[in-house]
Amino acid sequence: MREHTPKTIYLKDYTPPDYLIDTVDLFFELDEENTRVTAKLRVRRNPESPRENPELELNGEELLLESIKLNGRGLNASEYRLSEESLVLPSVPDRPFDLEIVTRINPKANTALEGLYLSKDMLCTQCEAQGFRKITYFIDRPDVMAKYTTTLVADKSRYPVLLSNGNRIASGELKNGRHWVKWEDPFKKPSYLFALVAGRLECVEDRYVTRSGKEVTLQIFVEKHDLDKCDHAMQSLKNAMRWDEENYGREYDLNLYMIVAISHFNMGAMENKGLNVFNTKCVLARPDTATDSDYEHIEGVIGHEYFHNWTGNRITCRDWFQLSLKEGLTVFRDQEFSADRTSRAVKRIDEVNMLRTKQFAEDAGPLAHPVRPESYIEINNFYTLTVYEKGAEVVRMMQTLLGKDGFRRGTDLYFQRHDGQAVTCDDFVKCMEDANGVDLTQFRRWYSQAGTPEVHIAADYDAANRVLNLTVRQSCPPTPGQPVKAPFHIPLAIGLLAPDGTELPLQLEGETEPHGQTTRVLDLKEPDQQFRFVGLPEKPVVSALRGFSAPVRLHMNRSDQELAFLFSHDPDPFNRWDAGQQLATQVILDLAGRLSKGETPTRVDSRLIEAYRRIIGQDWADLSYFALLLTLPSEEYISASMAIVDPDAVHQARQTVKRELAATLEQDFRRLYQTHHVDEAGRFDAEAVGRRRLKNVCLSYLSELETEDVYRLSVRQFREARTMTDQIAALSTIVNSHNPEKSDCLAEFYERWRDDDLVIDKWFALQATCHLPGTLDRVRELLSHPAFDLKVPNRVRSLIGAFSQSNPVNFHARDGAGYALLADHVITLNALNPQVAARMLTALTPWRRYDKHRQRLMREQLQRIAGVENVSKDVYEVAMKSLS
Ligand code: B3K
Ligand code: ZN
């Protein structure tokens, strides 16, 4: 148990800082176990602070204080107060003053990977959100922005490369084999954007000329053996730089842009000014080691961190409740960048898939919080899908409401008005309003109210008057602390289709002429609204929420026939795909319901098969999109619409449908497989990527047949593959079937890739997500595999994370063994890396969604975790809130 309950921080308590820090001069004497940090700070009273003669409180954790000087005079212990989390100077001068603080830290002991730590033999930092206070005593909050200079001193043979933010301004040699480098960042920044890296790194270099003709040096630092895996990241960076100039008028502002790839990293990447630190997973790619989706992911993350330079760094957050100001906006920007670079339809479908399965679940559970949260215990727990992905949807809705040009006027004003400031989500919305002369008062509720709104649409056609009457109702379920919700302002994009599939005019009653476009955006603002479309000679089919125009759950009573029609005809690519998903979901749920009742499965509804057949019979230019149309909804998505989730029934029903589709459409899948199974290794254009995606979807269907020749086909593809996409897809079908060569293939794969951590992560994940019985035992074995290491977050995610978050049927085994295994490791991780522990723990959060028996088992594990000695704030908050 915790000795005392950790403190909750509230948005409503925000006050400006009492002191500001204008300059920071850091001097690091780097050492693995004993690093000495000298910080010289120029401090002054904040004119905005209401208090008189306040104490100066500096944050600091896990620091050994060596000395402290004020205006050059050493302070004795009676002149300050030191605690576990702070250093307080009760009386400081009224006028600006200098503070010099010397501390010591032990990077090697830092397994939390926050602050200064060791990744293999490299020293590196992670400061967002509150890691800078583990480096030196500081006012560690984003509304304190300062100019930094950083000098790094280290042993030259162990740490030949010494990096920090900004420009390298001086360097030199010292005795005893040591050297130093001095960096200066000309831009003011919050402490969370500070970074340093020291180690034996090699670098790939390129250059970029900005639109205004400025030359920027681009460098990617990696370990020597990874030098041949940087081309894609470099190209992605240049693409992102160009894209931001073209789409937002934003240019890069320093002469140097550095990216460092680190193997021990808590998340994807970090946008430190001029010195991005990346998880190796988000940088390194070679056709034989990274899949097509890795390639896309890398380009997206490189873009994301680059875009932060304006949305996050030049304009930052006033406080951590405003996190979505930078994250929601930057995710939206990276989504649009990727949509422009790849297939827009496929990208949108991927985003919505993630949102509807993962974020909607977050919104529906005990950890639900608004895009701008109102309180937190540990801010690291709020880097959530709600803040990021739903936050991006909120920004996207503003673009939908204001149009592309209007949105751009809003961002132009934002950059002009707030450059160099630490601001709020509200300031961003205000720019949208001021630039467009609109009132977004009601729209702001998307920032303050949690929960996924439910939208019900009923369509009623009046043949005599040729009118379609749409009744639209919205509501939002209660979430923790918010029992009642006010109506949202929801942009509802809509189209109407004639029975032959053509688009119909969208003229509302009272309008003199039809709307100019085939999709129009309705403004939902009331709990209950009517829209009367006139001039419709036939009963139209409604295509609602086109492009997923708002993050809501849409309810419409639609027959299988109507869904099949939309699946074949909707010109809106998102809705077309979605109609197929809804149709398949209905069929699978129906079957699952019968299985739950103990009935034996009957034949699958032929309408789904016919709908698939029609899709297969058409000509497709975008093969990735075609592949998605042929992909069944995930078990997670299907489960979301059940009152009580039955993971076994859902799994069995989905497998049954998949098998039946495979059996009926076998010849089509074989033909498509053969046509598209061509060697295009090294090609990453839409066509080659689409071919691989389509062919591998077909292989996955065919492998459901469990026939000898498909076994051989998979093994051949596995052994002959020249891309990781093809190799891993084949291995996945092998692992999830009864292929007799399964263990040979797994062993071969391991032997071949044993020196490549990122590929071995895939090997772990593949086995952890196997849906066959016996997986839990295999996971147990893998936990004691010599290559498994709880101190490496990527490994933890690839085994424990994949098992608990992407293998519902095995994780939710009725005996509770999956839950116990997760809890055991969360407890161990709690002491090593609280952030990762808390993340892993969220697999137990939705316990109320299951039957009584599973509820009890999951709850017991949550209680066990909450009760451990020295439970971290991170784990405590997630466990307690999950139980509440
Ligand atoms: N801003 C970082 C996330 C930091 C997470 C700290 N726990 C990555 C990103 O969103 O770009
Ligand atoms: Zn970000």
Side-chain angles (χ1 to χ4, degrees), residues 61 110 112-115 117 124-135 140-142 165 189-195 233 236-237 240 244 259-262 264-279 281-283 297-317 319-338 354 371 373 376-392 395 422 425 428 793 797 833-840 842 872-875 877-878:
E61 288 171 22
N110 182 356
L113 314 187
E114 192 187 43
Y117 68 93
C124 64
T125 55
Q126 170 56 36
C127 292
E128 188 178 0
Q130 300 179 329
F132 194 69
R133 62 186 65 183
K134 293 182 168 180
I135 293 175
D140 192 11
R141 45 187 283 174
N165 315 85
K189 66 167 174 286
S191 50
Y192 81 86
L193 289 174
F194 169 79
S236 301
L237 176 58
D244 215 14
I259 289 176
V260 187
I262 297 285
H264 293 45
F265 206 63
N266 279 347
M267 63 269 153
M270 178 64 213
E271 70 264 24
N272 316 300
K273 183 80 189 188
L275 176 60
N276 287 185
V277 175
F278 270 62
N279 188 326
K281 185 179 162 55
C282 299
V283 179
H297 184 65
I298 289 168
E299 180 149 36
V301 180
I302 295 262
H304 181 96
E305 307 312 330
Y306 176 73
F307 302 143
H308 265 318
N309 190 53
W310 276 96
T311 52
N313 301 2
R314 291 285 290 251
I315 307 180
T316 196
C317 303
D319 55 77
W320 291 117
F321 297 102
Q322 316 297 330
L323 184 56
S324 201
L325 170 80
K326 75 176 177 82
E327 295 306 347
L329 176 55
T330 305
V331 170
F332 172 70
R333 277 151 52 71
D334 87 53
Q335 288 176 345
E336 286 299 290
F337 167 57
S338 295
M354 145 102 98
V371 167
Y376 63 76
I377 291 177
E378 171 52 63
I379 185 57
N380 282 323
N381 285 332
F382 284 79
Y383 286 74
T384 59
L385 291 157
T386 300
V387 167
Y388 274 65
E389 316 300 323
K390 187 177 180 180
V395 173
C425 297
F428 180 77
R797 285 185 283 257
N833 187 331
Q835 267 182 57
V836 173
R839 269 297 139 114
M840 291 298 120
T842 56
S872 60
K873 276 204 253 178
D874 312 57
V875 169
E877 180 172 38
V878 175

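Counting starts at 1 for both ligands and their atoms, in listed order. Throughout, residue positions are numbered sequentially from 1 according to the sequence presented.
Taking the six-membered ring for Trp and the full ring otherwise, Tyr376 and Phe321 have centroids separated by under 6.0 Å. Between Tyr192 and Phe132, the gap from one ring centroid to the other reaches at least 6.0 Å.
Under a 3.5 Å cut-off, the side chain of Asp874 and the backbone N or O of Asn380 do not form any donor-acceptor pair. Judged by distance alone, with hydrogens and angles left aside, the side-chain atoms of Asp140 form a donor-acceptor pair with the main-chain N or O of Arg133 at under 3.5 Å. At least one donor-acceptor pair closer than 3.5 Å links the side chain of Glu877 to the backbone N or O of Ile377.
Less than 4.0 angstrom separates some heavy atom of Asn380 from each of these atoms of ligand 1: 6 (C), 7 (N). For ligand 1, the atoms sitting less than 4.0 Å from at least one non-hydrogen atom of Lys326 are 1 (N), numbered in the order shown with element in parentheses. The distance from ligand 1 to the heavy atoms of His308 drops below 4.0 Å at these ligand atoms: 9 (C), 10 (O), 11 (O). Below 4.0 Å from some heavy atom of Glu327 lie the following atoms of ligand 1, by number and element: 1 (N), 9 (C), 10 (O). For ligand 1 and Gln835, the ligand atoms under 4.0 Å from any heavy atom of the residue are 7 (N). Listed by atom number, the atoms of ligand 1 under 4.0 Å from Met270 heavy atoms are 1 (N), 2 (C). Residue Glu271 approaches ligand 1 through these ligand atoms, each under 4.0 Å from one of its heavy atoms: 1 (N), 2 (C), 8 (C), 9 (C), 11 (O). With ligand atoms numbered from 1 in the order given, ligand 1 contributes 9 (C), 11 (O) to contacts under 4.0 Å with heavy atoms of Glu305.
Under 2.8 Å from the Zn ion (ligand 2) lies an N/O/S atom of Glu327, whether from backbone or side chain.
When the heavy atoms of Tyr388, Phe307, Tyr192 are ranked by distance to atom 3 (C) of ligand 1, first place goes to Tyr388.
Atom-to-atom distance recorded for Asp244:CG and Asp334:CG is 11.5 Å, nearest 0.5 angstrom. Met840 CE to Asn833 CG: the interatomic distance, rounded to the nearest 0.5 Å, is 9.5 Å.
Checked by atom type, the side-chain pair His304/Glu271 shows no donor-acceptor distance below 3.5 Å.
Under 4.0 angstrom from ligand 1, there are no non-hydrogen atoms of Gln130.
Partner of His308 under the side chain to side chain donor-acceptor pair (under 3.5 Å) criterion, chosen from Arg333, Arg314, Glu327, Lys273: Glu327.
Counting protein heavy atoms only, atom 8 (C) of ligand 1 is closest to Ala269 O, 2.9 Å. Nearest protein heavy-atom neighbour of atom 4 (C) of ligand 1: Glu128 OE1, 3.5 Å.
Using a 4.0 angstrom heavy-atom cutoff, Glu114 does not count as in contact with ligand 1.
Side-chain atoms of Asn276 and Val260, non-hydrogen and from C-beta on, never get closer than 4.5 Å to each other.
For Tyr383, no nitrogen or oxygen atom sits less than 3.5 Å from a nitrogen or oxygen atom of ligand 1, counting backbone and side chain alike.
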